[in-house]
Amino acid sequence: MTLGRSVFDGSAEVVARALIGAEMTVDGVGGRIVETEAYDLGDPASHSFRGPTKRNAVMFGPVGRAYVYRIYGLHWCLNVVCDAGARGSAVLIRALEPTVGIETMVERRGLAGVRSLCSGPGKLAQALNITVDLNGVDLTAAPFAFRSGNAADIIVGPRIGITKGVATPWRFGLRGSPYLSRPFPK
DNA sequence: GTTCCGATGTACT
DNA sequence: GTACATCGGAACG
């Protein structure tokens, strides 16, 4: 069934766990969320840590919006804004198991295989055609759609690509999924 | 399998 | 000027 706004109304860690196994689509293209990361205000790895800026303003706005930013000058990353009170919390969507619109995603990515279509934040943004145009957009309405799914077993580990806050294990994944951006450390 | 590296926009020191 | 929540390709083993 369709997920309502309440799924985003919790701490970053709680929402990051809750989204594992759910299905996310943009204009009917997407898949099952298999990997997320949590970021919040008290976290030196978070864009919100130093307070509001032009880039991160959406993180300080209403719950259930998309926060999209450019990374390394060429890729886009999608976050969902969460936490009651909207205090700079967000969940980075890192990987999907492609389920719908696979042909469209193959075209956008220029790839043959399904395995690496959405196995990373920049990859899934390209596959789902996510750009800054969607920054600040309500996730509970078109073109977004979130549907509930089940995650049998969630694995936890350190977040990827950060240099601060490395001790906070806020990366979550669907255990055993072949569609993760990288394996979790043992 | 591994490591190295270039591409390149934006925020911040 | 430097850092950055990345990716894909080249070189190597």
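Naming convention: chains lettered A, B, ... in sequence-line order (proteins, then strands); numbering from 1 in each chain. Since the model is a prediction, treat every value here as computed from it, not as a measurement. For the numbers below, each heavy atom of this structure counts, side chains included, while hydrogens, waters and symmetry mates do not.
In this structure, A:N135 atom CG and C:dA5 atom P are separated by 16 Å, rounded to whole Å. Atom-to-atom, CZ of A:R182 to C1' of C:dC7 comes out at 13 Å; the value is rounded to the nearest Å. At whole-Å resolution of the value, CZ in A:R159 and P in C:dT6 are 12 Å apart. Computed from coordinates, the A:I71 CD1 to B:dC12 P distance equals 13 Å when rounded to whole Å. The CZ-C1' distance, from A:F49 to B:dC12, rounds to 14 Å in whole Å. Atoms NZ (A:K164) and C1' (B:dT13) sit 11 Å apart, rounded to a whole Å. Taking atom CE of residue A:M59 and atom P of nucleotide B:dT10, one finds them 19 Å apart after rounding to whole Å. Rounded to whole Å, the distance from CZ on A:R50 to C1' on B:dA11 is 10 Å.
A salt bridge between A:R94 and A:E37 is present, with a side-chain N of the basic residue lying under 4.0 Å from a carboxylate O of the acidic one.
If you check the side chains of A:R5 and A:T140, you find a donor sitting under 3.5 Å from an acceptor. For the 3.5 Å distance criterion, the side chains of A:Q126 and A:R109 qualify, holding a donor opposite an acceptor.
A continuous path of hydrophobic side-chain contacts links A:V137 to A:V15 [ILVMFWY only; heavy atoms under 4.5 Å].
Distances shorter than 4.0 Å separate none of the side-chain N or O atoms of A:R55 from OP1 or OP2 on B:dC12. Neither OP1 nor OP2 of B:dA11 sits under 4.0 Å from any side-chain N or O of A:H47. Contact check, A:R70 against C:dT6: no side-chain N or O comes under 4.0 Å of OP1 or OP2.
Heavy atoms of A:N56 sit nowhere under 4.0 angstrom from any nucleic acid atom. Base engagement by A:L92 is indicated by at least one non-hydrogen atom pair under 4.0 Å involving a base atom.
Across all strands shown, C:dG9 pairs with B:dC4; the Watson-Crick or G-U wobble distances both stay below 3.5 Å.
Considering only side-chain atoms of A:K123, the nucleotide from B:dC12, C:dA5, C:dG8 that sits closest is C:dG8. Of the candidates C:dC7, C:dG8, C:dA5, the closest approach to any side-chain atom of A:R109 belongs to C:dG8. Nearest to the side-chain atoms of A:L74 among the listed nucleotides B:dT8, B:dA11, C:dG8 stands B:dT8. Looking at the side chain of A:T163, the nearest of the listed nucleotides B:dC12, C:dC4, C:dA5 is C:dC4. Distances were taken from every side-chain heavy atom of A:C77 (C-beta onward) to each of C:dG8, B:dG9, C:dT6; the shortest belongs to C:dT6. Ranking B:dG9, C:dA5, C:dT6 by closeness to the A:I160 side chain, first place goes to C:dT6. Out of B:dA11, C:dA5, C:dT6, the shortest distance to the side chain of A:H75 is found at C:dT6. Considering only side-chain atoms of A:P121, the nucleotide from B:dA11, C:dA5, C:dC7 that sits closest is C:dC7.
Nearest-nucleotide assignment on DNA chain C puts the 5′-proximal partner with A:G73, out of A:G73 and A:Q126.
In this structure, A:Y72 does not pack face-to-face on the six-membered ring of B:dA7, missing the 5.5 Å centre cutoff or the 30° plane limit.
The same atom, P, is picked in B:dC5 and in C:dG13; the two are 15 Å apart, to the nearest Å.
Figure legend: A:R87 and A:F60 shown without cation-pi pairing, the cationic atom not lying both under 6.0 angstrom from the six-membered ring centre and within 45 degrees of its axis.
Checked against the 6.0 Å centroid threshold, A:Y39 and A:H47 do not count as a close aromatic pair.
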